[in-house]
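Notes follow once the structure below has been shown.
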Amino acid sequence: MGKMKNIKIRLGKVSVPLRVPFKTALRSVTGIEDVIVEIHTDTGAIGYGEAPPTGVITGDTTLSVIGAFKDHIEKVLIGRDVDDFEDLMLALNSCLRKNTSAKAAADMALWDLYGQLYRIPVYKLLGGSRNHITTDITISVNDPEEMALDSTDAVRRGYDCLKIKVGREPEKDIDRLKAIREAVGYDVKLRIDANQGWKPKEAVRILNRMEEGGLDIELVEQPVSAHDFEGLKYVTDHVGIPVLADESVFSPADALTILQMRAADLLNIKLMKCGGIYNALKIASAAEVYGVECMIGCMLESKLSVNAAVHLACAKQIITKVDLDGPVLCLTDPIIGGAVFNEKDITVSDDPGLGIKGITGIRYMDETGR
Ligand code: MG
């Protein structure tokens with residue numbers, strides 16, 4: 001058995017400007033500012049993780065991530081051997097409630113180390129069904145004309161699947177979709193994300209109008225409030241467009257409830273909602289049992305944590321839809337190593353672990369976040 005002991009955790013910050021502001025029904029953001037986690041070991045190997053403080057979705061903030069590490073996670077991981085992997089995963093998941101982004105950062109750093117210990121890329125460790133995936137790209141909420149321009153620009157960059165943010169003004173949302181469909185034609189897939197922006201009956205009305213209008217929508221993501229499982233089921237039961245649960249699915253238990261209720265047609269797995277690869281695998285397995293396909297998504301994350309999602313997606317065939325556009329929305333890439341992102345084409349790295357070699361411009365922090 002390999003020996004590799006966790007000796008220290010360092011926390012830092014990385015800032016990456018976005019190419020254009022990211023606007024959804026919930027927020028508007030111009031740059032990524034994420035917490036970086038490094039687990040150092042006695043062999044010199046470093047495991048890397050990242051936690052985006054997406055307060056409006058996960059409830060996680062920069063200081064809550066730091067607190068989760070300093071007061072809880074560090075205590076159960078330091079001094080432990082990476083080879084005690086299952087024990088570490090159970091300890092990580094039971095050392096505090098919620099705080100899923102902090103847990104995801106620790107989880108991916110541990111998978112990174114475990115892969116390095118046994119010299120195998122994580123996607124191979126998980127079953128490795130493919131080494132290449134294709135992502136969509138997000139079009140932010142704006143006026144219809146601007147969204148149509150952003151869409152044709154994305155198609156020119158090679159994207160054949162666009163994720164359109166809607167959900168602020170129902171009537172205008174239909175105009176937005178019409179303008180985009182007219183601009184890009186029918187060879188491009190359009191999926192829409194309402195980010196909880198509609199009420200159940202309102203969602204049914206709008207979605208049915210979109211369908212009758214021939215807008216050819218591939219799927220609709222999270223039409224109603226995250227907690228409203230019955231409302232989500234109401235929409236799923238009353239529209240033809242497939243419904244994908246996103247903010248409603250954090251834990252594997254949430255996923256099971258939605259599967260059992262048949263409240264959605266598809267599930268969106270994000271490492272930052274479920275707390276990392278260990279829990280994401282449980283959601284994927286539950287979905288497999290129910291024959292429900294999954295999307296893999298991300299928050300506004302740099303390549304470091306999106307790279308971990310790439311490994312998961314390359315391993316599991318039940319993940320049929322990929323929404324991992326974080327890195328291509330960024331103006332610069334401070335992450336050395338990991339998957340190669342060439343617009344819509346993502347190729348996973350065959351280096352051991354998650355293949356991250358380092359981060360340029362990382363700013364190490366103390367417990368005050370400075
Ligand atoms: Mg979403």
Side-chain angles (χ1 to χ4, degrees), residues 18 21-29 32 52-60 100-101 104 135-142 147 150-151 154 159 161-168 170 173 176-177 180 189-200 203 206-207 210 217-229 231-232 235-236 239 241-251 254-255 258 263-275 280 283-284 287 292-301 305-306 309 312-313 319-329:
L18 294 176
F22 184 86
K23 297 187 205 169
T24 76
L26 295 172
R27 58 187 179 142
S28 181
V29 190
I32 287 175
T54 317
V56 291
I57 297 173
T58 61
D60 299 318
T100 49
S101 301
T135 183
D136 63 12
I137 189 166
T138 301
I139 305 296
S140 285
V141 180
N142 279 303
M147 290 178 80
D150 288 346
S151 298
Y159 292 92
C161 181
L162 308 179
K163 172 159 149 172
I164 315 295
K165 291 290 188 181
V166 294
R168 276 173 172 173
D173 284 338
R176 291 181 168 113
L177 265 296
I180 292 167
K189 272 190 189 162
L190 300 183
R191 43 183 72 154
I192 60 178
D193 188 354
N195 286 110
Q196 316 176 53
W198 299 323
K199 297 276 176 268
I206 298 158
L207 292 166
M210 285 182 182
I217 307 298
E218 182 206 15
L219 60 87
V220 56
E221 204 170 317
Q222 197 66 43
V224 300
S225 293
H227 62 85
D228 188 6
F229 285 17
L232 188 65
V235 179
T236 301
V239 301
I241 298 170
V243 174
L244 179 143
D246 182 8
E247 288 95 318
S248 290
V249 186
F250 270 59
S251 64
D254 293 336
I258 285 178
D265 301 295
L266 301 154
L267 301 182
N268 192 343
I269 301 174
K270 289 179 181 162
L271 299 181
M272 297 306 150
K273 293 185 299 174
C274 67
I283 298 177
V292 166
E293 293 178 13
C294 298
M295 176 185 277
I296 182 101
C298 60
M299 305 293 174
L300 279 179
E301 300 167 34
S305 49
V306 176
L312 175 67
I319 297 173
T320 56
K321 297 172 195 309
V322 178
D323 176 28
L324 295 179
D325 61 353
V328 294
L329 297 176

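All ligand and atom numbering here is 1-based and tracks the order in the structure. In this chain, residues are counted from 1 in sequence order. Because the structure is predicted, anything quoted here is derived from the model rather than measured.
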Taking atom types as modelled, is there a side-chain donor on Glu221 or Asn268 under 3.5 Å from an acceptor on the other? yes

Answer with yes or no whether the side chains of Asp325 and Thr135 bring together a donor and an acceptor at under 3.5 Å. no

Here the N/O/S atom of Glu221 closest to the Mg ion (ligand 1) would be OE2

For the Mg ion (ligand 1), the closest N/O/S atom belonging to Asp193: OD2

Ignoring hydrogens and geometry, is there a side-chain-to-backbone donor-acceptor pair from Gln222 to Glu247 under 3.5 Å? yes

Looking at Asp60 and Thr54, would you say the former's side chain and the latter's main chain have a donor-acceptor pair under 3.5 Å? no

Look at the N, O or S atoms of Asp246, main chain and side chain alike, and state whether any lies under 2.8 Å from the Mg ion (ligand 1). yes

